[in-house]
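Before any comments, here is the structure.
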Amino acid sequence: ERAVEFDRVNKEGDPAVVIAARKNHMESFQVLIGCVGVDLNSRDAKGNTALIWCAWNANPHATKMLLDVGSGGGGRVVEVGAQNQFGHTALMFAAERNDNVECLKLLIAATTANNTNTDDNVVSLLDMKNSNGDTALLLAVKNKCIEAIKLLVAAGADVDIQDTTT
């Protein structure tokens, strides 16, 4: 009997679960995230996780499946605040597109549920910045995503954070 190697990557350095999320191969994605040996937070060569790709693809079904598996116990947790090599999070990708409100709602719920740190010096997951200094709220404003702006403000995103790129 041969053991399954879930941590194997392709020649670009991308694990199967991330490829399935990136390509929106839902059947493969569902099977992979259901396997206990699959790292739900594995990254591709650019640091993107499966959750980041679910948000990038505006796929609320895949986003919910992944978040549900990651919160179902058994020690499997999805890092909602994972950042890629440019500092982008899934929340940021969801906030900067008008067609991604459902993913954004799921991610806000997961972000606020996972943000239990009460230390005032720790940046809220809602207010994380990418390498350009943008937060999810600033990206929503720059891309004129009115519904995203409303959702982020209602969730408690810092409206006083300033754009440091101008």
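Because only heavy atoms are used, hydrogens play no part in the values below, and waters and symmetry mates are left out as well, while side chains stay in. Numbers for residues simply follow the sequence, beginning at 1.
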Look only at the side chain of [X] and the backbone of [Y], and say whether a donor-acceptor pair between them is shorter than 3.5 Å.
{"X": "Arg97", "Y": "Trp56", "answer": "yes"}
{"X": "Gln83", "Y": "Lys129", "answer": "yes"}
{"X": "Asn130", "Y": "Asp134", "answer": "yes"}
{"X": "Ser131", "Y": "Phe86", "answer": "yes"}
{"X": "Asp99", "Y": "Ala58", "answer": "no"}
{"X": "Asp44", "Y": "Val18", "answer": "no"}
{"X": "Asn41", "Y": "Glu79", "answer": "yes"}
{"X": "Asn57", "Y": "Ala21", "answer": "yes"}

Going by the rule side chain to side chain donor-acceptor pair (under 3.5 Å), which residues pair with Asn24 if we only count those two or more places apart in sequence or in a different chain?
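Scan of Asn24 (side chain to side chain donor-acceptor pair (under 3.5 Å), adjacent residues dropped) gives Asn59.
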My understanding is that only residues two or more places apart in sequence, or in another chain, count here; which of them pass side-chain contact (heavy atoms from CB on, under 4.5 Å) with Glu147?
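Glu147 satisfies side-chain contact (heavy atoms from CB on, under 4.5 Å) with Val101, Lys150, Leu151 only.
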Sequence neighbours excluded, which residues qualify as ring pair (Phe, Tyr, Trp, His ring centres under 6.0 Å) partners of Phe29?
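If we apply the ring pair (Phe, Tyr, Trp, His ring centres under 6.0 Å) test to Phe29, skipping adjacent residues, there are no hits.
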Shared hydrophobic cluster for Leu139 and Met128 (ILVMFWY, side-chain gaps under 4.5 Å)
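They do share one cluster, since a chain of ILVMFWY contacts under 4.5 Å joins Leu139 to Met128.
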Does one hydrophobic cluster hold both Leu51 and Ile108, with members joined at side-chain heavy-atom distances below 4.5 Å?
yes
Smallest heavy-atom separation, Arg43 atom then Pro15 atom, equals O-CD, 3.2 Å
When Leu137 is tested against each of Leu126, Asp158, Leu91, Val153 for side-chain contact (heavy atoms from CB on, under 4.5 Å), which residue passes?
Val153
Hey, can you tell me if Phe93 and His88 have their rings parallel, tilted or perpendicular (30° and 60° cut-offs)?
tilted
